[in-house]
Amino acid sequence: MKPASTVTGATLSRASLLGLFALALALRWGSAWFASVDSPFWLALNVDDRAYHDWALRIAQGQWSDGQAFFLSPLYPYVLGGLYYLSGESRWMAVVLQCVLSAATVPILASLGARLFGSRAGLLTGLLSALYGPLIFFSECLLSETLHLFLVCAGLLQLQRASGSGHWRGGMLAGCLLGLAAVARAYFLASGVLLGLWLFVSARRRSGARALPLGFALGFLLALAPSAIHNRRAGGDTVLVNASGGINFYLGNHVGANGRIHPPPGIPAESLMNPDQMRATFAARAQAQTGQTLGAGDLSSHYYSKGGRWIVRHPGDWFALLGVKLRQVAEAFEYPGDRNAYQAQRWSPILRWTPVGWTLVLALALGACVMPAARRKGVGLVHIVNGVGLAVLLAFLVTDRFRLVLLPGCLVLAGLGADGILHASGQARRMGRAGRVLTLLSCAVSLSLGVGQAKESHISHLNLALQHVRRGQLVRAEASLRASIHLRPGFLRGHWNLAQVLMRRGEPEEAEAEMGVARRLAREQGIPLGPGASQVGSGQSPSSPPER
């Protein structure tokens, strides 16, 4: 038998891969079924998912472009639009498709882990992936994460295969998959470029494989070409995928930034309630500051510059902010965006009792990093994806959705770490005392950092109240709204919506009292309440920033 240090290119049996897929699919469909029975959020649309849904509807109806450069990453709404065209706007079918894609990601990750670290590590990677709670949760949401992670994992597996075979066609397929991953989430452009450089360096050392990087580059550029051409024709400037990067960067780097979604000074939170409103607000502000109407690319550059100037002028505050973001990356708590996974656990026992969370995956992955197997040359693609993902989180924002960028690489390393703990034989597989201490320390730090975080917020209670209203459950809606106001006294949208609910319940005196509070708060905050005031009370939380 070969020494463990030379075990690469291993494969899992077809039965193992099918078993992992079946387990993952059963968990995802089971959780979706529980949500469809009890959750008031089932198939409801909130902020980002509403933007994708509406965009997909326009595409299904034949409106392929709105004449502007893409503000959101475009691949997911086009895939969703194609599905709507075939299924007649069936959100049920969208969830079914996402559950299948999420389940298919599991054996793909297992295969990648097996090829890099051996079959046992690959199998453990697959089990961790199948049982990972946030992956199950996001497969039920009309968001781009499931499609993006599927493409990333499929592209990494194909890239690893291509680097072994040396055939340019394999490199081209890997480039196409990873290029599509960038069209689904534009942050992955940096990963794609670095992975191409990694492939170029690897190919230089092997005869007959020098065409491999060219094939990869061709596939990557072909995947990017449709969005880049569209943006050039629509906006008149060069935007490869979407034009929200600068705004996102500024949202994450300004006075008062807290590592999550927090409006800069002078930007009302209500302006972040949907991507179109966000784009219009930031464009108007930029025009007032520059005296010019900026195109999509120039608008993004303007806000990159504003964020950069703040960093240069306040380096101490920026370093402190980096520390906050690093803590948020490491801790066990899943910071909710516009969908709350903790709230979803009320209706899904699968989400409630799923044993694998971020703390376990992170701890095992960090412990694996000290093992000899993690330093093989072929493992570079995993470290590149993790490094770029961490850089993106520190540069922009940290929420439960955005932290998923670290998941593919960390899950593969976590499988190796679990193998090192469970199987002490073999020099390369043995984690050793340093690795075990690092794993336990990482686990303790992650858990301790997450202690005391509130799993319900005023926004999550407000969103729950709005779904109760949609179902006609006014008593539950009132209770949720009062809980929202209790968590954040002076919450304008909470008082406004409570007034509406009380009026519908036949309690006009209490409704008028709440309306009076809402009007006072609106005056103090400079927000007009008129015929369009229902928008203030729409219950939509500030949007997760448009995807990078």
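Predicted model only: the values in this text are computed from it and were never measured.
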Full working for side chain to side chain contact (heavy atoms under 4.5 Å, CB included) between L393 and K325: CA-CA 7 Å; L393 291 173; K325 292 179 181 179; over 6 Å; no
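- At least one donor-acceptor pair under 3.5 Å links the side chain of S13 to the backbone N or O of S16.
- Within the model, atoms CG of L159 and CG of L173 stand 10.5 Å from one another, a figure rounded to the nearest 0.5 Å.
- Within the 4.5 Å cutoff, side-chain heavy atoms of I136 are placed close to those of T354.
- Distance CG/L156 to CG/L116: 9.5 Å, rounded to 0.5 Å.
- Scanning both residues, R403 and Q328, for their nearest heavy atoms gives NH1-O, 3.0 Å.
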Pair T146-S139, side-chain hydrogen bond (donor to acceptor under 3.5 Å, both in side chains): steps then yes or no: CA-CA 6 Å; T146 296; S139 66; 5.5 Å; no
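- A distance-only check finds a donor-acceptor pair linking the side chain of N242 to the backbone of F71 [under 3.5 Å].
- The closest side-chain heavy-atom distance from W55 to P74 is below 4.5 Å.
- With hydrogens and angles ignored, the 3.5 Å screen pairs no side-chain donor or acceptor of S446 with any backbone N or O of C443.
- Ion pairing between E145 and R185 holds under the 4.0 Å rule for side-chain N and carboxylate O.
- The shortest side-chain heavy-atom distance between W358 and C410 falls under the 4.5 Å cut-off.
- For the pair W310/L321, a side-chain contact is recorded, criterion being any heavy-atom separation below 4.5 Å from C-beta on.
- Atom OH of Y85 has 12 or fewer neighbouring heavy atoms from other residues, nucleotides or ligands inside a 6.0 Å radius.
- H148 contributes no side-chain N or O that, together with a main-chain N or O of A184, makes up a donor-acceptor pair within less than 3.5 Å.
- The backbone N or O of L101 sits less than 3.5 Å from a side-chain atom of T105, completing a donor-acceptor pair.
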Worked verdict on F188 versus L195 for side chain to side chain contact (heavy atoms under 4.5 Å, CB included): CA-CA 10 Å; F188 202 76; L195 288 169; 4.3 Å; yes
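- Judged purely by atom type and a 3.5 angstrom limit, Y84 has no side-chain atom pairing as donor or acceptor with the backbone of R91.
- Of all non-hydrogen atoms in A330 and L449, the two that sit nearest each other are CB-CD1, 4.2 Å.
- Contacts of A228 classified as side chain to side chain contact (heavy atoms under 4.5 Å, CB included), with partners at least two apart in sequence or in another chain: L240.
- Formation of a donor-acceptor pair under 3.5 Å by the H230 side chain with backbone atoms of A225 is not found in this model.
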Side chain to side chain contact (heavy atoms under 4.5 Å, CB included) evaluation trace for Q98 with L147: CA-CA 7 Å; Q98 292 192 164; L147 174 63; over 6 Å; no
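- Side chain of R28 to backbone of A130: a donor-acceptor contact under 3.5 angstrom is found.
- To the nearest 0.5 Å, atoms CG (L151) and CG (L178) are separated by 8.5 Å.
- The aromatic rings of H254 and H262 sit parallel to each other, their planes meeting at less than 30°, with 60° as the upper class boundary.
- A heavy-atom distance below 4.5 Å is not found between the side chains of V392 and F402.
- Panel note: side chain Y342, backbone E334; a donor-acceptor pair is recorded below 3.5 Å.
- Rounded to the nearest 0.5 Å, atoms CZ (F70) and OG (S244) are 12.5 Å apart.
- Ring centroids of F249 and F396 are separated by less than 6.0 Å, placing the two rings close together.
- When atom types are taken as modelled, the side chain of N231 and the backbone of T238 share no donor-acceptor pair closer than 3.5 angstrom.
- By the 30° and 60° cut-offs, the orientation of the rings of F333 relative to Y335 is perpendicular.
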Side chain to side chain contact (heavy atoms under 4.5 Å, CB included) evaluation trace for L360 with L128: CA-CA 9 Å; L360 178 61; L128 291 170; 4.1 Å; yes
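- Minimum interatomic distance between A51 and L72 (heavy atoms only, all atoms of both residues): CB-CD1, 4.2 Å.
- In this structure, SG in C153 is found 3.5 Å from CG in L109, a value given to the nearest 0.5 Å.
- L224 and A182 get closest at one heavy-atom pair: CD2-CB, 4.2 Å.
- Within the 4.5 Å cutoff, side-chain heavy atoms of L413 are placed close to those of C369.
- Using bins of under 30°, 30° to 60° and over 60° for the plane-to-plane angle, the ring pair Y76/Y52 lands in the perpendicular bin.
- Counted within 6.0 Å of CZ on R352, heavy atoms from surrounding residues, nucleotides or ligands total more than 12; the atom is thus considered enclosed.
- Taking 4.5 Å as the limit, every side-chain heavy atom of T11 sits out of range of all side-chain heavy atoms of S111.
- Distance check: I311 CD1 to K306 NZ gives 13.0 Å after rounding to the nearest 0.5 Å.
- Considering only heavy atoms from C-beta on, L124 comes within 4.5 Å of L422 through its side chain.
- Residues H167 and L212 come closest through the heavy atom pair O-CD1, 3.1 Å.
- The side-chain hydrogen bond (donor to acceptor under 3.5 Å, both in side chains) test with E140 is passed by exactly one of S102, S31, S348: S31.
- The nearest pair of heavy atoms linking G409 to V382 is O-CG1, 3.6 Å.
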